[in-house]
Amino acid sequence: MKGKVIVITSGKGGVGKTTTTASLGAAIASLGKTCAVVDMDIGLRNLDVVMGLENRIVYNVVDLAHGRCQVKQAAIRDRKITGLYLIPASQSDNKNVLNTDDMSRLTKKLKEEFDYILIDCPAGIEQGFENSVTGADEAVVVCTPEVSAVRDADRIIGLLYARSITPKLIVNRIIPHMVVNGDMLSHKDVEDVLSVEMIGLVEMDDRVVAATNTGSYIIDDKTSKAGQAFTRIAGRILGDTSIPIQEPSYDQKGIWNKISSKLGIKK
Amino acid sequence: MYDKSVAVKGVGDGFKLIPEKDVNSENIIEETSKALEPIKHLLKGAHIYIDSEESSSEFVKILDNFLKNNFSVDSVAPFNNKDKVKTEHKKRFRTREAERGWKTSASDALIITGRVRSGQKIDTEKHLIIYGDVNPGAEVIAGGDILILGTLSGTAIAGQKQDDKSVIFSLDFRPTQIQINDIVGVGGERKNKKEPEIAFLNESRELSVKNYLEENPFSKLPWPEVR
């Protein structure tokens, strides 16, 4: 078996890398592929919490990279979704405990076991980023429509190109009514500055927070717009280019908006 | 052969007339025309210098009209010393430069295509031309001008070092910061309209940003020059 390694990165922290990794991993596994999600945020692990698997950790990614255990021992099988595995980070080490050689050996090993390997990259551009990017075949950059996130994503994209990886872009946490009012950057503004291939637009969704806290997956919530968006993105990652990118729309409420849209003044 | 009482010599862009001692204000016209007759086809538009120790200016007065009318020379002047010839030389050189200076002196520019991203830094001692955008957080530095055929959102530093004449130009000008030589300017407020703008140092060494099409600062130059 020859798997594909995809690093999920952003530069800036708190834009939703971990949530995106967990959701995409779950969605890819639901589509019938085996998928391992690897937490590379060594020392600050939280992907296990998001997935609700924190009480099952015996071995972690550092043990696996240093050859202290087998892939089968380190990979934790998900409770609900078959084909989804977590390789957790170590909480007691720091990012310098691994080097790029360890990582290329590790990704080689994982490629033999799984179809897709999603690497949850830590924030920043230091050793943790270097380690996560080593051995990656593809990269997904997560960005929120904020000037600071765009700036950091731009830097990360430059660094990825320097390593001959062409990144793809997910714009996360779009708040449609703020975009309509001009208080938030639109996904077009973000795309203009970053100019890389867009593979998904994810709306702000309160239920993502609820799902994260209970260790369930947002993709299982069929009414959640964010969950549906992640499912579509997973489809695109698996190579189905026919899935259209849905632009977030904002249904304006209120009597005046209804009247004016009837009259054709406002759309 | 004729009697050489007026000698003719070629200098710079014209001819030098050297009257002998026996030539005086009465026979100068006759003697000069005798000397110039064989080369009159060369005289059109030429400059004539009179080199006579005592009476140059006197001969000039007499010959000025005669030579201009009969031989269509450009000017008649006393020949003072070598300086005169030298300055005339300079003038000639300048005309040639105006006509085809770009063929002889090369302008140095670094030309780049693509997007300059945050954290990237482009540094050159030449002029810098970018076909593409400069993103926020990116830095472009040039010894001369910076021309961006796209959006400038990052930092642009021109005229390094000590070149007050450098300019920064962009089709969509919204920089974080600009600098020409040692004068720093911060980016303005966000604007909605895209317009080509140019930044330069004015006479009092203040940064000035103008709409390029309205200002068109280089249209005032008399002829094309190498920058």
Side-chain angles (χ1 to χ4, degrees), chain A residues 9-13 15 121-130 133 139-169 171 178-198, chain B residues 110-124 128-142 146-157 168-179 184-197 199 209:
Chain A
T9 180
S10 71
K12 188 177 179 294
V15 297
C121 177
I125 54 170
E126 293 83 17
Q127 188 68 44
F129 170 77
E130 298 286 342
V133 169
V140 172
V141 174
V142 182
C143 181
T144 55
E146 296 160 49
V147 180
S148 52
V150 171
R151 171 85 54 100
D152 290 358
D154 196 32
R155 177 92 173 102
I156 288 292
I157 290 166
L159 293 172
L160 289 169
Y161 273 122
R163 287 163 177 75
S164 315
I165 302 171
T166 307
K168 292 169 179 171
L169 179 67
V171 182
M178 287 184 74
V179 176
V180 171
N181 296 339
D183 296 329
M184 185 179 249
L185 294 173
S186 76
H187 65 271
K188 288 231 169 57
D189 297 331
V190 177
E191 209 180 356
D192 277 352
V193 173
L194 300 180
S195 68
V196 292
E197 188 196 339
M198 176 88 78
Chain B
L110 172 68
I111 305 181
I112 282 181
T113 55
R115 181 175 292 273
V116 187
R117 292 183 185 277
S118 172
Q120 290 173 337
K121 183 171 165 184
I122 290 183
D123 195 340
T124 177
L128 177 60
I129 301 171
I130 298 177
Y131 294 104
D133 298 340
V134 177
N135 276 5
E139 202 174 359
V140 290
I141 304 170
I146 297 176
L147 309 182
I148 295 158
L149 301 171
T151 307
L152 168 62
S153 316
T155 301
I157 303 177
I168 299 170
F169 168 81
S170 163
L171 287 177
D172 187 10
F173 194 87
R174 46 189 83 214
T176 317
Q177 192 186 86
I178 55 171
Q179 185 179 341
V184 181
V186 294
E189 293 137 37
R190 283 189 199 183
K191 43 183 187 172
N192 297 322
K193 212 176 125 196
K194 283 187 181 183
E195 53 179 358
E197 285 183 311
V209 179

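Below, read A as the first sequence line, B as the second, and so on, with proteins coming before strands; counting in each chain starts at 1.
Heavy-atom distances place the side chain of A/V147, and not its backbone, under 4.5 Å from chain B. Looking at A/D152, there are no atoms closer than 4.5 Å to chain B (heavy atoms on both sides), in backbone or side chain. Residue A/I125: no heavy atom, backbone or side chain, is found under 4.5 Å from chain B.
Heavy atoms only, all atoms of each residue included: B/D133 and B/G150 are closest at OD1-CA, 3.4 Å.
Side chains of A/S195 and B/R115: a donor-acceptor N/O pair is present below 3.5 angstrom, by distance only.
Under the 4.0 Å criterion applied to side-chain N and carboxylate O atoms, A/R151 and A/E146 are not assigned as salt-bridge partners.
A side chain to side chain contact (heavy atoms under 4.5 Å, CB included) with B/F169 holds for exactly one of B/I148, B/I146, B/L149; it is B/L149.
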